[in-house]
There are 2 protein chains.
Amino acid sequence: MSLPHALLGLLATEPRSGYELSKELAEGPVGRFAWKAGHTSVYPELNRLLGKGLIADRGEGPRGRRTYAITDAGRRELQSWLMDDPVGPSKMRNEPVLRMFLLSVLDPDDAITVLRRVIDHVDAEAAELRRARAQYGDTVPPGPEGFGHLAAEYGVRADQAVREWALWAIDQLGRHRSTP
Amino acid sequence: MSLPHALLGLLATEPRSGYELSKELAEGPVGRFAWKAGHTSVYPELNRLLGKGLIADRGEGPRGRRTYAITDAGRRELQSWLMDDPVGPSKMRNEPVLRMFLLSVLDPDDAITVLRRVIDHVDAEAAELRRARAQYGDTVPPGPEGFGHLAAEYGVRADQAVREWALWAIDQLGRHRSTP
DNA sequence: ACCCTACGTGTCATTTTTGACATGTCAATC
DNA sequence: GATTGACATGTCAAAAATGACACGTAGGGT
């Protein structure tokens, strides 16, 4: 149950609306690499956090839009979550990686086809992330965009690792095909 | 809902028991990097797969242990899942990465402390994976251990990416601290 | 003026996952 | 011979996530 912490983290850098939070977690780098969630989980969770006093309502905007900000209690909760508990066994769901592992059940030619597709995909994604990264200057830890900067940088590196792994796997499969 | 596919994938390389499957998904490389699950989800899911005829029961062993094997139908299901649907927006939950992103809410010194802890952790994990990897020879795609080999190789690379990202982040934070 | 799209927030039933509890077996150590 | 720990499989209530549905608004283009 890390969704509340993801929301607190996003709100810790700057106040946002439920819509913006949902978008980041559904399509943005944070959703892609760390914790994906749809708006149907976000809105109820925001109300729970509001009830616990970990976030505060900052009034209405244009279309019933409500902006939330983290409270001191919320910040304390987040900090203790980060500092206190150890780097133990954590929740993990990574569908793309699962699919890559499963590739060994296909015959080598098909597996290679899929791996090439994966490479194209991470290349496109990495290019987009690089563009995003270029927009943040060297604003890293505080500043309203430090969060996105860290995420984009991680994304580029994670994609690169996948890319190189896929190339390695293609090589292995090719080798296996020619030496039966 | 990729758990059934994870199980089919594991069973595609060699028959296993629910206990072995649970262990791999709870503590092994597949669980760590691709899809974590406890035995409480695995056993019911196995019975569902059995009901659908995607896996078959291969009789009992020592302590009521039951070994399952993938069926032809199961293999077809798995292959079409891998080949047919596109590399679209997928499920993603990665608690360690989420925590790293959130680090920007701590003050730089605390963030650096946590990052060093992360580095130690991935180093230890990578060392273990390298040991595991060494045990599989160059048996890659078929063979009973191709699966684990792919997973271990990916794990080493993913850990390496995290390691380098953490080093980069420490550098950024240090820079920020000295230039206020 | 009209239409379309993105904005914006929500509910609710169904499906999935988690965590606590339950139960028994085999092998090795003391 | 007793105890301990890993092996082995399950149930069930509670919590969380998903997907379908629902409703209204502001702005841009034609």
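Convention: sequence-line order gives letters A, B, ...; per-chain numbering from 1.
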Tell me which nucleotide among [options] gets nearest to the side chain of [X].
X	options	result
A/Thr40	D/dA26, D/dT18, D/dC7	D/dT18
B/Trp35	C/dT17, D/dA8, D/dG10	C/dT17
B/Arg63	C/dG24, C/dT9, D/dA26	C/dG24
A/Ser41	C/dT16, D/dA8, D/dT18	D/dT18

Does [N] have its OP1 or OP2 closer than 4.0 Å to a side-chain nitrogen or oxygen of [X]?
X	N	result
A/Arg66	C/dG10	yes
A/Tyr19	C/dT9	no
B/Arg65	C/dC26	no
A/Tyr43	C/dG10	no
B/Arg93	D/dT18	yes

So, taking the atom named CD1 in A/Ile55 and the one named CG in A/Leu46, what distance separates them when rounded to the nearest 0.5 Å?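 Interatomic distance, A/Ile55 CD1 to A/Leu46 CG, rounded to 0.5 Å: 4.5 Å.
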Euclidean distance, atom [atom1] of residue [X] to atom [atom2] of [N] [Å, nearest integer]:
X	N	atom1	atom2	answer
A/Lys36	D/dG19	NZ	C1'	13 Å
B/Leu46	D/dA8	CG	C1'	13 Å
B/Tyr68	D/dA8	OH	P	13 Å
B/Glu60	D/dC7	CD	P	18 Å
A/Glu27	C/dC7	CD	P	9 Å
B/Leu7	D/dT9	CG	P	13 Å
A/Glu45	C/dT9	CD	P	16 Å
A/Glu20	C/dG8	CD	P	7 Å

Using a cut-off of 4.0 Å on non-hydrogen atoms, how would the nucleic acid contact of B/Lys23 be classed: base, sugar-phosphate, or nothing? sugar-phosphate
Hey, does B/Arg48 reach any base, or is it just sugar-phosphate, or nothing, if we go heavy atoms under 4.0 Å?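 B/Arg48: no heavy atom of the nucleic acid under 4.0 Å.
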Would you say the side-chain atoms of A/Thr71 pair up with the backbone N or O of A/Gly53, donor to acceptor, closer than 3.5 Å?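 It does hold such a pair.
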For the side chain of B/Arg93 and the backbone of A/Lys36, is there at least one donor-acceptor N/O pair under 3.5 Å apart? yes
What about B/His39, does its side chain sit under 3.5 Å from the base of D/dG10 through a donor-acceptor pair?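 Under the 3.5 Å cut-off, the side chain and the base do form a donor-acceptor pair.
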Pairwise 5' ranking along DNA chain D for B/Lys91 and B/Gly18, keeping only the more 5' one: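 With B/Lys91 and B/Gly18 compared, the 5'-side residue is B/Gly18.
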Residue list, side chain to side chain contact (heavy atoms under 4.5 Å, CB included) with B/Ala126, at least two apart or on another chain: B/Arg130, B/Asp159
Excluding sequence neighbours, so at least two apart, what forms side-chain hydrogen bond (donor to acceptor under 3.5 Å, both in side chains) with A/Ser2?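 With sequence neighbours excluded, A/Ser2 shows a side-chain hydrogen bond (donor to acceptor under 3.5 Å, both in side chains) to B/Glu95, given in chain and number order.
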Which class fits the ring pair A/Trp168 and A/Trp165: parallel under 30°, tilted 30 to 60°, perpendicular over 60°? tilted
